[in-house]
Amino acid sequence: MTALHAATTTGGAATATAATTAAEPAAGLVQSIDWLAIAPVVVPAAVALVVLVADLFATERTKRLLGDWLSIAGLAAATALLLPLRAGDRSTFCLTGDPGACSYTADHFTLVIQFLVLAGALVTALLSVTAVREARMPDGEYWFLLLSSAAGAALLPASRDLATLIVALEVASLPAFALVGMRRGDRLSSEAALKFFLSSVTATAVSLFGISLVYAATGSLHLEQVADRLDHVPGQLDTLAMAGVALTLVGFAFKTAAVPFHFWVPDTYVGAPLPIAGYLSVIGKAVGFTGLILVTVIAFPAYSDIWGPALAVLAALTMTFGNAAAVRQDPARAHSAVRLLAWSSVGQAGYLLVPIAAAAYSGRDEIGATVAYALMYAAANLGAFAVAALVARTKPLHRIADYRGLYAERPAAALALAFFLLCLAGLPPGIIGLFAKVAVFGSAVDAGLGWLAVVMAANVVIALYYYLRWTALLFRAPEGAAGAAGARGRAPWPVTAAIAATAVVSVVLSGAPQAVLRFASGALFPH
């Protein structure tokens with residue numbers, strides 16, 4: 001009896017041990033989700049779905065309330081949710097076998113770019129309130145697409161594997177096609193949407209092909225693992241990996257509007273609703289540059305001898321072509337103001353590429369200059385588009401000449417636009433613009449790219465011409481008595497709020513430029 005009891009006890013213990021052993025791997029397959037970390041992405045995505053569903057059943061008046069207030073509140077809440085994450089120490093969706101390999105990381109780099117994206121989308125939403133009503137665009141569809149694109153753009157800087165990266169890129173891009181062509185019956189809008197769609201699809205196809213080659217050479221999609229395995233690629237796979245790296249970079253060069261992949265920019269900005277043109281110039285560009293930083297600095301450092309020189313050449317070409325085209329804009333031509341901002345954004349993309357190229361020669365710390373410059377550019381460029389939206393209410397041709405005498409008609413708007421243009425030019429009192437340009441220039445010098453620093457200096461001088469020409473026009477006497485009287489009308493509060501918000505941010509950044517650069521360079525990408 002005792003032996004039988006012992007045997008039974010032993011058998012039961014063995015069974016329990018086997019069951020526990022079998023349960024442990026099963027439990028290990030369950031990944032925990034850090035909901036607070038992903039909240040800045042989930043909130044705009046959830047609000048987008050609510051707006052889309054509610055639009056099916058709501059009355060016309062309720063639709064506008066849902067679109068205006070709910071969408072703006074959702075973007076404001078998503079931006080506010082970055083505060084609890086300010087420590088920058090959260091990750092989620094990690095591999096069970098390698099806890100260090102995570103698909104989503106909320107570090108300081110992620111938080112800075114997410115703030116840029118969500119705050120920029122919030123300014124775009126403010127500008128869109130009146131634009132949607134006056135252009136009679138469908139409320140539900142517009143707000144759903146804008147929120148969806150913002151959610152994808154917020155996801156991208158947190159992505160730490162190539163699959164999540166490309167999904168985020170497309171979630172940010174696909175709604176933008178429809179937003180550009182949202183003005184039904186407008187030939188320019190349809191043409192702009194088609195050009196944007198074709199260029200973006202080409203970029204995605206090239207990127208996916210490059211990523212597939214990288215995966216074939218490394219057997220992993222996580223950026224840190226890709227970096228480790230590219231350091232030890234077998235000789236027979238080296239050419240395959242090299243081709244994958246090159247094609248992936250070409251795809252992101254389309255997204256950043258780097259020359260020679262910039263051809264879609266001016267026509268797309270002209271054809272898009274003005275708030276969406278501003279959105280693409282800032283958030284769309286931030287998405288491309290963020291993806292470029294992640295794949296080069298984190299995933300492909302082993303091939304820095306390839307992408308470093310390539311990006312340096314792209315930077316030189318981009319800033320030169322962009323500024324040269326901006327100088328040639330005729331102030332009396334229709335849409336010349338939007339075209340100048342479009343070509344200016346191409347030139348600014350060249351400056352943003354410089355620190356990324358420098359990182360190939362002198363390390364990750366140079367990326368801080370790109371982030372600091374991106375913050376300055378985002379605030380100033382969105383502010384310029386906000387003033388353009390205000391002026392377009394009475395002068396819809398979007399000509400630079402329409403801004404003559406703006407100070408006599410709208411002093412506050414003229415002073416704000418002058419400040420934004422001086423920030424973009426890098427002249428006082430736009431201290432943040434000057435400081436950002438010096439930081440970018442210093443990154444090129446530190447990396448031994450003296451020739452690129454010289455090209456940048458020449459382009460900064462060229463850009464001064466068209467920025468100062470526009471600024472001077474604001475304070476000239478209006479043409480004729482009718483111009484002096486001005487058909488100004490009352491500025492809608494959302495447009496006024498957008499101008500005020502971007503002006504405040506630009507002034508604050510100008511007041512503490514060292515803090516911006518110190519945070520950007522010291523907290524990003526710890527070694």
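Because the structure is a prediction, the values reported are computed rather than measured.
Ala384 and Leu341 get closest at one heavy-atom pair: CB-CD2, 4.2 Å. When all heavy atoms are compared, the tightest approach of Leu36 to Pro84 is CD2-CB, 4.1 Å. Scanning all heavy atoms of the two residues, the minimum distance from Ser506 to Phe419 falls at CB-CE2, 3.4 Å. Nearest heavy atom pair, residue Ser173 against residue Ser200, reads CB-OG, 4.0 Å. When all heavy atoms of Leu353 and Ala258 are compared, the pair lying nearest together is CD1-CB, 4.0 Å. Smallest separation of non-hydrogen atoms from Ala150 and Ala121: CB-CB, 3.9 Å.
Using the six-membered ring where Trp is involved, Phe177 and Phe197 have ring planes that are perpendicular, over 60° apart on the 30 and 60° scheme.
For Arg339 and Asp267, the salt-bridge test passes: some basic side-chain N is under 4.0 Å from an acidic carboxylate O.
Here the side chains of Val47 and Val51 are in contact, with some heavy-atom distance below 4.5 Å. Leu422 places none of its side-chain heavy atoms less than 4.5 Å from the side chain of Tyr467. Taking 4.5 Å as the limit, some side-chain heavy atom of Ser128 sits within range of a side-chain heavy atom of Trp143. A 4.5 Å side-chain heavy-atom check between Leu292 and Leu311 finds at least one atom pair inside the cut-off. No side-chain heavy atom of Leu314 sits under 4.5 Å from any side-chain heavy atom of Val259. Side-chain atoms of Leu81 and Leu85, non-hydrogen and from C-beta on, never get closer than 4.5 Å to each other. Counting heavy atoms from C-beta outward, Leu118 and Pro40 have side chains that approach closer than 4.5 Å. The shortest side-chain heavy-atom distance between Phe261 and Thr202 does not fall under the 4.5 Å cut-off.
Looking only at distances, no side-chain donor or acceptor of Tyr407 sits under 3.5 Å from a matching main-chain atom of Ala412. Judged by distance alone, with hydrogens and angles left aside, the side-chain atoms of Ser336 form no donor-acceptor pair with the main-chain N or O of Arg399 at under 3.5 Å. Looking at Lys437, its side chain does come within 3.5 Å of a backbone N or O of Leu424 through a donor-acceptor pair. Judged purely by atom type and a 3.5 angstrom limit, Thr256 uses its side chain to pair as donor or acceptor with the backbone of Ala253. Panel note: side chain Thr79, backbone Leu75; a donor-acceptor pair is recorded below 3.5 Å. The main-chain N or O of Ala342 is found under 3.5 Å from a side-chain atom of Ser345 such that the two form a donor-acceptor pair. Using modelled atom types, one side-chain atom of Gln329 and one backbone atom of Ala325 make a donor-acceptor pair closer than 3.5 Å. When atom types are taken as modelled, the side chain of Arg183 and the backbone of Ser190 share no donor-acceptor pair closer than 3.5 angstrom. For Thr370 (side chain) and Leu352 (main-chain N/O), a donor-acceptor pair under 3.5 Å exists by modelled atom type. A donor-acceptor pair is defined here as one N or O able to donate and one able to accept, closer than 3.5 Å; such a pair exists between the side chain of Ser189 and the backbone of Val180.
Between the side chains of Ser149 and Tyr279, at least one donor N or O lies within less than 3.5 Å of an accepting N or O. No side-chain N or O of Lys255 forms a donor-acceptor pair with one of Ser207 less than 3.5 Å apart. Checking Asn323 against Tyr466 by side-chain atom types alone, a donor-acceptor pair falls below 3.5 Å. Inspection of the Tyr269 and Ser281 side chains reveals no N or O donor paired with an N or O acceptor under 3.5 Å. Under the 3.5 Å distance criterion, with hydrogens and angles disregarded, no donor-acceptor pair is assigned to the side chains of Lys395 and Tyr403.
Crowding of Arg333 atom CZ: a count of heavy atoms from other residues, nucleotides or ligands under 6.0 Å not exceeding 12. When the shell of 6.0 Å around CZ of Phe254 is examined, it contains more than 12 heavy atoms from other residues, nucleotides or ligands. Other residues, nucleotides and ligands contribute over 12 non-hydrogen atoms within 6.0 Å of the CZ atom of Phe475. By the neighbour-count criterion of 12 heavy atoms within 6.0 Å, atom CZ of Arg476 is sparsely surrounded, having that number or fewer from other residues, nucleotides or ligands.
Rounded to the nearest 0.5 Å, atoms CE (Met376) and CD1 (Ile431) are 12.0 Å apart. Interatomic distance, His398 NE2 to Ile400 CD1, rounded to the nearest 0.5 Å: 13.0 Å. With values rounded to the nearest 0.5 angstrom, Arg410 atom CZ is found 13.5 Å from Leu415 atom CG. Between Tyr377 atom OH and Leu382 atom CG the span is 8.5 Å, to the nearest 0.5 Å. Summarising the geometry, atom CG belonging to Leu390 is positioned 5.0 Å from atom CD1 belonging to Ile499; distances are rounded to the nearest 0.5 Å. Atom OG1 of Thr110 is separated from atom CZ of Arg90 by 13.5 Å, given to the nearest 0.5 angstrom.
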| task | Give the intermediate values and the outcome of side chain to side chain donor-acceptor pair (under 3.5 Å) for residues Thr320 and Asn459. | result | CA-CA 6 Å; Thr320 302; Asn459 275 279; 3.2 Å; yes
| request: Quick one: do Leu145 and Met182 satisfy side-chain contact (heavy atoms from CB on, under 4.5 Å)? Show the steps, please. | output: CA-CA 10 Å; Leu145 291 168; Met182 188 62 74; 3.4 Å; yes
| query | So Thr290 and Phe109, side-chain contact (heavy atoms from CB on, under 4.5 Å) or not? Walk me through it. | reply | CA-CA 9 Å; Thr290 301; Phe109 174 77; 3.8 Å; yes
| request: Please report the C-alpha distance between Asp107 and Leu111 in whole Å, then the side-chain angles of each, then the deciding distance to 0.1 Å, and finally whether the side-chain contact (heavy atoms from CB on, under 4.5 Å) criterion is met. | output: CA-CA 6 Å; Asp107 56 14; Leu111 298 180; over 6 Å; no
| query | Taking it one step at a time, do Val460 and Tyr351 satisfy side-chain contact (heavy atoms from CB on, under 4.5 Å)? | reply | CA-CA 9 Å; Val460 169; Tyr351 305 145; 4.0 Å; yes
